[in-house]
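Each remark here refers to the structure printed beneath this line.
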Number of protein chains: 4
Amino acid sequence: MVTQPVKEDRRQELVRAAYNQIAERGFEGLRTREVAAEVGLNIATLHYYFPTKEALIRGVVEHAMGRFRTTLAPHGSPADQLRNHLRAVRKLLREEPQLGTVLGELNLRSARDPAIAGIMRQTYDGWHQTLRGLLRRAVKEGHLRPDIDSDEVAALVVAALTAMTLPTLSSSPRTDQALRQLERWLGIAAPRQKRSNYPSK
Amino acid sequence: MVTQPVKEDRRQELVRAAYNQIAERGFEGLRTREVAAEVGLNIATLHYYFPTKEALIRGVVEHAMGRFRTTLAPHGSPADQLRNHLRAVRKLLREEPQLGTVLGELNLRSARDPAIAGIMRQTYDGWHQTLRGLLRRAVKEGHLRPDIDSDEVAALVVAALTAMTLPTLSSSPRTDQALRQLERWLGIAAPRQKRSNYPSK
Amino acid sequence: MVTQPVKEDRRQELVRAAYNQIAERGFEGLRTREVAAEVGLNIATLHYYFPTKEALIRGVVEHAMGRFRTTLAPHGSPADQLRNHLRAVRKLLREEPQLGTVLGELNLRSARDPAIAGIMRQTYDGWHQTLRGLLRRAVKEGHLRPDIDSDEVAALVVAALTAMTLPTLSSSPRTDQALRQLERWLGIAAPRQKRSNYPSK
Amino acid sequence: MVTQPVKEDRRQELVRAAYNQIAERGFEGLRTREVAAEVGLNIATLHYYFPTKEALIRGVVEHAMGRFRTTLAPHGSPADQLRNHLRAVRKLLREEPQLGTVLGELNLRSARDPAIAGIMRQTYDGWHQTLRGLLRRAVKEGHLRPDIDSDEVAALVVAALTAMTLPTLSSSPRTDQALRQLERWLGIAAPRQKRSNYPSK
DNA sequence: AATGAATGAGAGTTCATTCAT
DNA sequence: AATGAATGAACTCTCATTCAT
C-alpha cells in the first residue's frame, strides 16, 4: 500500500525527466542514461521500471497527451467555451513551452510508430469532435455566423493551434496574430480597443 | 563542361538520399552509411563530398527550402495568385509527402540548431511577407473583404499550411477541409459542386 | 573491502596493458581495442574506466613515472647512494626494457602534449635536484673530487641515463660502457676485474 | 636530362615535407595527405613518387641521417676536431630543432622497424668509431689525459649528444651544461673566464 | 606527371541493454 | 529497489591506397 505509490512516483519522475529531455533535445537526443541521471538513478534502475526505451517513450506519450487534454474541460456557453479553450491552449503552450516541442516530436514520430500514431489520432479526433460540437451548438444558439461549416472550421482551429507547436512559428509573434484573426472571424474575439466585430460580406 | 555537373550530381544525389532518409526515419534515424549506400557509394566517399554529417544536413535544408519556394512563383491577379499558391502548396505536399515530414523535422531541429533556424526563419519570413503583399493588393483591388488584417491573415495561412506538414494532421482529410474554409473566408474559394456561390473576379 | 581494490585492479590492468602496447608498438600503434582485448574486456568496458584514449594515456604516464621513481629511494652515504642509483636505473631498464621505450615515447610526445610535458618535466626536475644534492654532499664529505660542478654533472648523469632509453643505444653494450666511464670520473666506480685502481672511500 | 632532376626535386620536396611533419607531429601524426598538400600535390601524385608510406619514411630516414653526418667532417688536430664536432652538433640541433625530434622518432621506431634500425645502427656505429679514433689520436698526441678509455668515452659522448635530442631535456639549459662538463673532463673545453683546466687526480 | 573520385579496413566513441549482487 | 560492471552492435569519421583519365 505504500510501495505502489512510491513505485508510481519513481515512474512518473522518470517519465517527466524523459519528457523534458525530449523537449530539450528531441527524440534524436533522448538518452536513457541522461534521464536516469536527472532523477538521480542508475540506468539499470531505469530499466527496472521501464524494460525498454520504447516503454519509457510510451509513458511520455501518455503524459504529454494528458497535459494537453486539460484544456478541454468546458464551462459556460458554447461560445464562451470556445473562447476559453483557445485561450487555455495558448496559455498552456506559453507557460509550458516544452509541451509544444514534445507534441511536435510525437507528431513526427507517429509517422513511423503506429503505437504513437494511434494514441495521437485518438486525442486529435476527440479534440476535433469536441470543437465541432461546440461550434454547432454555438451556431444553433445564435452566437456564431450560420454560414459556418463546423467540421471545416474545427479542422482549421486544430491546424492553427497545432502549428503553434512548431519552433519556427511559435517563437514569432505571428502565431498569436493568427489566432486573433480566427477569433475575429468566428465572432468570439474579446472586444479589443475599438476594433469592430466582423461585418459579414 | 561535363566535370562540374558530374560532381554536382553526386552531391545532389547524396542530398536527395539524405532527404529521403530523413523523411522516412527522421533525424533520429538518419545514418550516413545508409545514405551512401542508397547512392551506391562507400561512406568514405560521402565524406569526400561532405566532410561531416552536419554539412550533409545543411545540404538537405537548402534542398528542402528550395522545393518549397517553387510554390511562390506568381502569375495573374493577386486573388488568383493567392488561390494558386494555396493549391500549389497542397499539391506539392500531396505529391511529395516527404517534403512535409522533412519540413517538420527541420522545424523541430531548428530549436536546437541556430544554423537551421536562421535558414528557416528567412524562408518563413519571405513567405509571410509575400502572402501579406498579395492580400493587401487583393483587398485594394476589391477582390477581398476589406475588413481583413492582412498581417494576421497571412499568419493564419502560414500556420494552416504549416500544420499540414505534420503526419497526424496531414494524413487526415481534415487538412483539406481547413484550407477550404480558409479560402471561403477569404472569398477566393474555387467553385465546389455546381460552380456555385463565389464571385469570380 | 573488496570492491574498491577490484575496480582499481581493472584500471591498473588496463593501464599496464596500454603500457605494454606502447612499449611494443609505440603511440603510433596504440589501439584501445587491443588494450581491452589484452585484459579480456570489451572496448566499451575500457571506456567505462577511461572515458577517452587520452585519459588512458595519462594513466600510463603516471604509471611509467612511478616505476621510474623507485630508483630514487636513498640509503647510505651520498657516494653509495649515487652508485646505487646508477645501478638501480641500469638494472631497472635491463629488467624491464619496456620502461625505456615508453619513457622515450613519452619524451617525444611531451613536445606535443603539454599535460605529459608537465608531468615529465616535474619528474626530471626532481631527479636532477636529487642528484645535485647527492653530488654536493658527496663532495663536502670528501668522497668526490672537489673540482666538480654538481649542477653540470647532474645534468650529464641525467642525459646519459636518459639516452639509455633509446633503442639504438640501449641495445648496444656501449651504454653500459658510458655509465662505467661516468662512474670512474666521479670516482665511485665499483671494483672491476682485480679490485684495482680506484680509491675506495 | 631535365626530367630526372625535376623528379628528384619533387621527391626531395616530399621527403622534406614529411620530415617536417614528423618533427611537428611525430610518426603518430604523419599523414601522407598533409605531406602532399604541403608540397601542393595531390595524394595520388605522392604515391606516384613513393609507392607506399613506408617508402616515403625510408626517404626521410636517409635525409635525416644525411643532415646529421655533416657534423663529422674533420679538420685540424684531433683535439680541435673533437671540440669542433661537439660544437657543430650542438649548433646543428639548436638551429634545426626538427632534426633532434626526427632523430628521436627514428630511434624509437627502429625498435619495430629493422630497416630503420639497420640504417641508424650503421650511422651510430660510424659516429662512435670516428669519435673513438679522434680520442685515441688525441691521447697519443698528448692532448688528452692518458687514463681515458677511448671506447667508453666515445660511448658517453654519443649518449650525451643523443639525449640532447629529447624534448624534455633539450628544452632545458641543462643539456648545454652537461656537454660543458664533458668537455672539461676531456680537457678540451675552450678556456672560459678564469675557470682552471682540470687538475688531474 | 598529375588528379578527382572512390574504397576497405579500421579507428575511437556511444548507447540500450543485461546480470550478478 | 538499486547498482557497478560489462557488452554487442552500431555510429561517425579517417587514412593509405587505387584507378581511370
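In the text below, chain A, chain B and the rest are named by the order of the sequence lines, each starting its count at 1. Keep in mind that the numbers below use all heavy atoms, side chains included, and drop hydrogens, waters and symmetry copies. Small disclaimer: the values here were computed from a predicted structure and weren't measured.
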Separation of F:dT14 C1' from B:Lys53 NZ (nearest whole Å): 17 Å
Distance below 4.0 Å between C:Arg10 side-chain N/O and F:dG4 OP1 or OP2: no
Partner residues of C:His63 under the side chain to side chain contact (heavy atoms under 4.5 Å, CB included) criterion, sequence neighbours left out: C:Gln12, C:Val15, C:Arg16, C:Tyr19, C:Arg67
Nearest-nucleotide pick for D:Thr52, side chain only, options being F:dT7, E:dA2, F:dT17: F:dT17
Sugar-phosphate, base or nothing in reach of B:Thr32, heavy atoms under 4.0 Å: sugar-phosphate
Any C:Tyr48 side-chain N or O less than 4.0 Å from OP1/OP2 of F:dA5: yes
Sidechain-backbone polar pair: C:Thr52 side chain, C:Ala55 backbone, donor-acceptor under 3.5 Å: yes
Rounded distance in Å - CG (B:Leu56) to C1' (F:dC13): 13 Å
Heavy-atom pair of closest approach, residues D:Asn107 and D:Met120: N-SD, 3.6 Å
Side-chain N,O (B:Tyr49) to OP1/OP2 (E:dG4) below 4.0 Å: no
D:Leu41 CG to D:Tyr48 OH distance, which is reported to the nearest 0.5 Å: 12.0 Å
Under-4.0 Å side-chain N/O to phosphate OP1/OP2 contact, B:Thr45 with E:dA5: no
B:Glu54 CD to F:dC11 P, straight-line distance once rounded to whole Å: 17 Å
Spacing of A:Ile57 atom CD1 relative to E:dA16 atom C1', expressed in whole Å: 11 Å
D:His47 NE2 - E:dA1 C1' separation (whole Å): 16 Å
For atom CG of B:Leu46 and atom P of E:dG4, their distance in whole Å: 19 Å
Contact summary for B:Gln98 and B:Ala23, nearest pair of heavy atoms: CB-CB, 3.4 Å
Shortest non-hydrogen contact between A:Lys53 and A:Leu30, atoms and distance: NZ-O, 3.0 Å
Members of residues 33-43 of chain B that approach DNA chain E, where some heavy atom sits under 4.0 Å away: B:Arg33, B:Leu41, B:Asn42
Atom of D:Ser110, atom of C:Thr168 and distance for their closest heavy-atom approach: OG-OG1, 3.4 Å
Residue pair B:Glu105, A:Arg112: steps toward the salt bridge (charged side-chain N to carboxylate O under 4.0 Å, His left out) verdict: CA-CA 13 Å; B:Glu105 294 279 349; A:Arg112 294 161 245 140; 2.6 Å; yes
DNA chain F stem ranges, 3 or more consecutive Watson-Crick or G-U pairs under 3.5 angstrom: E:2-21 with F:2-21
Considering all heavy atoms, the nearest A:Val102-A:Val60 contact: CG1-CG1, 4.4 Å
A:Ala44, nearest nucleotide to its side chain (from F:dT7, E:dT18, E:dT7): E:dT18
All side-chain hydrogen bond (donor to acceptor under 3.5 Å, both in side chains) counterparts of A:Arg58, not counting sequence neighbours: none
Sequence-distant partners of D:Asp113, side chain to side chain contact (heavy atoms under 4.5 Å, CB included), two or more places apart: D:Glu54, D:Arg109, D:Ala115, D:Ile116
d(CZ, C:Phe50; C1', E:dT14) in whole Å: 18 Å
Sorted by number, the residues of residues 20-31 of chain C with heavy-atom contact under 4.0 Å to DNA chain E: C:Leu30, C:Arg31
Greater than 12 external heavy atoms within 6.0 Å of D:Glu96's CD: yes
